[in-house]
Protein chains: 2
Amino acid sequence: MLINELSKRTGVPIPTLRYYENYGLFKGMTDGKIKTNNYKDYDESIVEKIEMIKGAKEAGFTLSEIKNLIDSWFNKRLSKEKKITVVYSKITEIDNKIRQLNKVRKLLSECIVDIEKGNC
Amino acid sequence: MLINELSKRTGVPIPTLRYYENYGLFKGMTDGKIKTNNYKDYDESIVEKIEMIKGAKEAGFTLSEIKNLIDSWFNKRLSKEKKITVVYSKITEIDNKIRQLNKVRKLLSECIVDIEKGNC
DNA sequence: ATAAAGTATAAACCATACTTCATACTTTGT
DNA sequence: ACAAAGTATGAAGTATGGTTTATACTTTAT
């Protein structure tokens with residue numbers, strides 16, 4: 001599919017997709033032998049990749065962290081153990097973030113009680 | 001306490017504290033009647049406020065969101081109901097974030113299995 | 001066939017959240 | 001007393017994650 005469809009499928013604006021591609025998060029194919037243009041073609045797997053990127057971003061990861069994750073994910077030369085280490089460390093980060101969010105959530109709940117009591 | 005101590009107590013660098021104060025997240029006191037200088041004094045409640053700011057930031061909230069929260073928190077003119085609405089909407093956002101994080105966490109766990117199997 | 005719409009690339013621009021710098025005054029240690 | 005360290009303020013600089021603009025080529029619709 002072309003970038004327009006990719007944008008519609010994922011809900012990510014075209015300039016952002018180009019920015020991501022340029023950043024190295026994924027890569028469209030240009031087949032110089034077949035096509036007269038240099039339009040890039042994106043396949044289904046890239047839609048999935050972008051969904052992953054969106055999820056990770058909403059979860060608060062930076063593009064650079066996401067790039068590291070994707071790189072180790074798809075790097076064939078990396079050993080199983082290395083890959084697993086990278087992914088586990090992200091899982092640990094996620095657990096920390098969830099813990100942090102629950103802490104703030106608790107603070108806010110307590111605040112509701114205070115407001116209802118008329119304090120603060 | 002002066003800004004140096006505040007920085008040590010909270011672990012937030014002095015320039016960042018000044019940036020936050022300038023942004024309107026809190027305010028130190030300068031008592032022109034007593035002091036010969038214009039050094040600002042920060043009390044215990046500001047330490048707490050900054051801990052809240054740190055928590056909210058780690059949870060992924062922007063300074064502007066945090067400012068809104070603090071403003072409604074300490075705005076005496078706001079009705080109980082308005083305050084509660086603001087705080088509840090933040091709690092809902094936190095719940096969404098936690099859900100999102102769990103989604104990514106699940107994806108990564110599945111990935112571990114895939115890596116162990118030798119796929120991807 | 002030709003105007004409108006789509007695509008690619010590079011460069012400039014923007015907002016957020018800081019950090020660094022320059023300047024000037026105040027306090028503290030010896 | 002006076003150098004070193006702390007404080008305040010304003011302005012400029014930086015990094016991240018985009019968005020916008022300009023230019024040029026390609027495809028599509030009428």
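Within every chain, numbering begins at 1; the chains are lettered A, B, ... in the order of the sequence lines, protein sequences first and strands thereafter. All figures in this text were calculated on a predicted structure; none of them were measured in a lab. The basis for the numbers below is simple: all heavy atoms, side chains too, and nothing from hydrogens, waters or symmetry mates.
Every residue two or more places apart in sequence or in another chain was checked for a side chain to side chain donor-acceptor pair (under 3.5 Å) with B:N68, and none qualifies.
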Nucleotides 19-24 of chain C: which of its N/O atoms have a protein N/O under 3.5 Å away?
| unit_1 | atom_1 | unit_2 | atom_2 | d |
| --- | --- | --- | --- | --- |
| C:dT19 | OP2 | B:T16 | OG1 | 2.2 |

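At D:dG6, none of the side-chain N or O atoms of B:K8 fall inside 4.0 Å of OP1 or OP2 (strictly under the cut-off). A:K57 has no side-chain polar atom (N or O) that falls below the 4.0 Å cut-off from OP1 or OP2 of D:dG17. Under 4.0 angstrom from either OP1 or OP2 of C:dT27 there lies at least one side-chain N or O belonging to B:T36. Proximity of A:K40 to the phosphate of C:dT9: a side-chain N or O atom is located under 4.0 Å from OP1 or OP2. Taking 4.0 angstrom as the limit, B:R18 places none of its side-chain polar atoms (N or O) nearer than this to OP1 or OP2 of D:dT9. OP1 or OP2 of C:dC25 has not a single side-chain nitrogen or oxygen of B:N38 nearer than 4.0 Å.
In this structure, the side chain of B:T16 does not engage the main chain of B:V12 through any donor-acceptor pair within 3.5 Å. Using modelled atom types, no side-chain atom of A:D41 and backbone atom of A:M29 make a donor-acceptor pair closer than 3.5 Å.
No hydrogens or angles considered: nothing links the side chains of A:R99 and A:N102 as a donor-acceptor pair under 3.5 Å.
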For the pair A:E5 and A:K8, evaluate salt bridge (charged side-chain N to carboxylate O under 4.0 Å, His left out) and give the outcome as yes or no after the intermediate values. CA-CA 5 Å; A:E5 194 183 341; A:K8 272 164 190 152; over 6 Å; no

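A straight line from CG of A:L17 to P of C:dA8 spans 11 Å, rounded to a whole angstrom. Regarding B:N37, its CG atom lies at a distance of 11 Å from the P atom of D:dT9, rounded to whole Å. Atoms OH (A:Y23) and P (C:dT9) sit 19 Å apart, rounded to a whole Å. We find that OH of A:Y20 is positioned 12 Å from C1' of D:dT16, with the value rounded to whole Å. For the pair B:E65 CD and C:dA15 P, the computed distance is 18 Å after rounding to whole Å. Regarding A:I14, its CD1 atom lies at a distance of 16 Å from the P atom of D:dT21, rounded to whole Å. Spacing between atom CG of B:N22 and atom P of D:dA11 amounts to 11 Å, rounded to whole angstrom units. Remark: C1' of C:dA15 and CG of B:L63 are 12 Å apart, rounded to the nearest angstrom.
The pair B:E44-B:R9 counts as a salt bridge, with a side-chain nitrogen and a carboxylate oxygen less than 4.0 angstrom apart. Under the 4.0 Å criterion applied to side-chain N and carboxylate O atoms, B:K90 and B:E93 are assigned as salt-bridge partners.
The base of C:dG6 is paired with the side chain of A:Y39 by a donor and an acceptor separated by under 3.5 Å.
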